[in-house]
K.L.:
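Here it is, the structure, as structure tokens.
Throughout, a chain's letter reflects where its sequence line sits, starting with A, and its residues are numbered from 1.
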Amino acid sequence: MAKKVLVVDDAAFMRMMIKNILVDGGFEIVGEAENGLDAIELYAELKPDLITMDITMPEMDGIEAVQAILKDYPDARIIMCSAMGQQAMVIDAIQAGAKDFVVKPFKPDRVLAAINKIFEE
Amino acid sequence: MDSNSQYLQMFFDESAEYLQLLNENVLLLEDNPEDEEIINAVFRAAHSVKGMSATMGFDCLTDLTHKIENILAKVRNKEMVIDEEIIDILFAGLDYIKALVDDIKNSGEEVTDVTDYVKTLNQVLEESNANIKNTEKKEIISVEDKFKAEFEKLLILSEEEEKELVSRLEKHEYIYNIEIILKEDCLLKNVRGYMILKKAQEVGFLAKSSPTQKEIEDEDFGSSMYIKLISTMDDKSLKNEFANIVDVADVNIITERKAEKHIRKESNKSTKTAKDKKKRSNKNKNLSNIQVSPTVRVDINKLDNLMNMVGELLINKTRLEGLNIKTEIYQDIIQQLDRVTNDLHHIVMQIRMVPIGGIFNRFPRMVRDMSKELEKEIDLIIEGAETELDRSIIDELADPLMHILRNSIDHGIENPEKRENKGKPATGNILLKAYQKGSEIIIEVEDDGKGLDVERITEKAINKEIITEEEAEDMEQREKMNLIFHPGFSTSDVVTDISGRGVGMDVVKRVVESLDGQVFIESEKDVGTRFTISLPLTLAITQALMVKINNEVYAIPLGTISETHLISPEEILQIRGQDVMILRDHTIPLIEGARKLNLDVEYGKFKELEEIPVVIINSGERQIGLIVDGLLNQQEIVIKSLGNYLVNIKNISGATIIGDGDVALILDVRNIA
């Protein structure tokens, strides 16, 4: 069965981008959120196998969302979507328990490689 | 639609939104240079634009936004202070971004030359970097080769480290020297390095690493990492653990020494090396916990189609009603149908409504730029930005409002010196306000400038042969003011490139009237000028009064009607050959509908009727009485255009289909009045 993914990014453009990559890679997108608060809510509701999490978002950023989700669901698999220049925040996210990160602009093979590695573990 | 154009469309839509957001927030930033929330909002938006551009492969745009983002990052890190120069640079940057996006929209390529601007950005960034370096000098040496040559030396343990290692050895089996080689194209190397260290801590005890944690965080290392690790795992599974990390190209492991077997409980996991960092600010969290309901983006054409279909449905409903069968079941169905179609219409209208703020928001930036250029001090106050209007109307409104505002800034508000001489505050105010009034939306642009100079307008109009002197004498103040809406009229002696050659104001009138709206001017010398635009809530469906003129049915949109009367012939008076009636002490001119429509009707025939139906119509401050042959009923009509060939028919604004399937023409009563 296809793994279920929740895509979190404030830019619809980015969500569409990553959605297409993931769908092509055989994943099922079960939900989208445009900020950390929505992400937390949707995670609880959908229990996806994976979250792709943007870092800079309004309302609540990706780091706080990672912390909040992992507090209630320590097994959640979260992969950060970062841009160049966000090193410190990615480290925060990894420290908080995010599994890995991918860097924008997304390259489909890189994204899929990173995600597949998460599921291999 | 292929996937690329699908991306492009979204790219355009979203970049426009982000640009708007950027403009608004940079403007806010100008007044609140310390506000972190605003800085963050600007940063986020710039960041998103960069991300989208990079993904789409627009290098110029990516580079530009990246540099802008760098500046913002410096501001955020308090390495740079926001001053007027920075604000101007940011605004210029936004203009360049917009130009590039427009280029892409028009030609698919980035045409605009931004090299000069990028140079400016680089310069600003370098200056700031230089400042930082003066205070905190840091050496950056290429360390790539250093590691390989000094591999052993790098991982030599100090006495204390040796001691700790030995103590640890009691519970671990092996000491490993591990070389981890990262891929050439590894992104965010420091994060990757951090993950590798984290992994090392998970699988064993990390005795020493080169680069150190600090060096990793500063990205001060080459493509290899060396780790001295004590672990109970065998080298193969250890190798797997590391090789499985993304971007790791190769892992080499040397088992240094096999330790004696010891059994001891695993102690708490080492977090010694974990960076002891400040807690991230939780400010954002408290700021706004507003629930945002999920939204869907829909092509406006689909909504237009939907509106059309609802229109068709309404027409058919009206036709069904027209059957008027006197059975209970029919009445029941009609009632249900009526309710459902009404709701449906209401919902479709709601869907099409967008807040007028969408266009209002463009203006603060414009007012700022213009007042700066003209050396005037102007505050723009916006009220009622949340007022909603049909999307198709909103799109059309931007230009007229822009012209009115420009006019107010350029011709209305005086320069500070003049204002002070007049005893007014140096800073002029422009109030941009929208609100709903009944089924109309009112938009007002009010300035406290010098007011319209009616004498000069008249003079100019005569000079330009728009009116004759005789005509001018008969004109009321209001009519004279309206001369500025005449094509080719300009009151400014100096033609500026800002409000141009007076081509603007006639556009205002034309556009507003094409939207079935009206525009009025009120003005008082040295007090100010107010432009009022009134618009219908929606264009497609409206309530109308059906009347009969010469045995044909016509529709009059209800929004224009103030009341209807049945008068007797005796109530008709004549003033200067014009039929009038008196209504509550007001003299109202009477206009015969049939004659206005050029129907072949003998004048005065209506006076033979015992009761003459008169529809009182509002047109601005003016009222007229339209004489018809009969008042029929009030009903919902779907406005259909007459098509391209018939658009210029006088006094008819469209057509609709009525209950019996016949076509009724819609009277353009404002024109008649």
K.L.:
Is the terminal nitrogen or CZ of A/Lys47 (NZ for Lys, CZ for Arg) located under 6.0 angstrom from the six-membered ring centre of A/Tyr73 and within 45° of that ring's axis?
P.N.:
no
K.L.:
At a heavy-atom distance under 4.5 Å, which candidate from B/Glu69, B/Glu17, B/Met52, B/His66 has the highest pair count against chain A?
P.N.:
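Maximum pair count with chain A is reached by B/Met52.
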K.L.:
Which region of B/Asp13, side chain (C-beta onward) or backbone (N, CA, C, O), has a non-hydrogen atom less than 4.5 Å from a non-hydrogen atom of chain A, or is it both or neither?
P.N.:
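It is neither, since no heavy atom gets under 4.5 Å.
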K.L.:
List the residues meeting salt bridge (charged side-chain N to carboxylate O under 4.0 Å, His left out) with B/Lys67, not counting sequence neighbours, and say none if there are none.
P.N.:
B/Asp63
K.L.:
What residues, two or more places apart in sequence or in another chain, satisfy salt bridge (charged side-chain N to carboxylate O under 4.0 Å, His left out) together with B/Arg76?
P.N.:
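Scan of B/Arg76 (salt bridge (charged side-chain N to carboxylate O under 4.0 Å, His left out), adjacent residues dropped) gives none.
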K.L.:
Return yes if a side-chain donor-acceptor contact under 3.5 Å exists between B/Asn361 and B/Glu24, otherwise no.
P.N.:
yes
K.L.:
Name the option with the most non-hydrogen atom pairs under 4.5 Å to chain B; the candidates are A/Ile55, A/Val103, A/Asp54.
P.N.:
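Between A/Ile55, A/Val103, A/Asp54, the count favours A/Val103.
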K.L.:
As an exercise: rank A/Ala12, A/Ser82, A/Ala113, A/Ala114 by heavy-atom pairs under 4.5 Å with chain B and give me the winner.
P.N.:
A/Ala12
K.L.:
Say whether B/Tyr194 and A/Gln95, considering side chains only, have a donor N or O and an acceptor N or O under 3.5 Å apart.
P.N.:
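Yes, side-chain donor-acceptor contact under 3.5 Å.
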K.L.:
Identify which part of A/Asp10 has an atom lying under 4.5 Å from any heavy atom of chain B, answering side chain, backbone, both or neither.
P.N.:
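Both the backbone and the side chain of A/Asp10 come within 4.5 Å of chain B.
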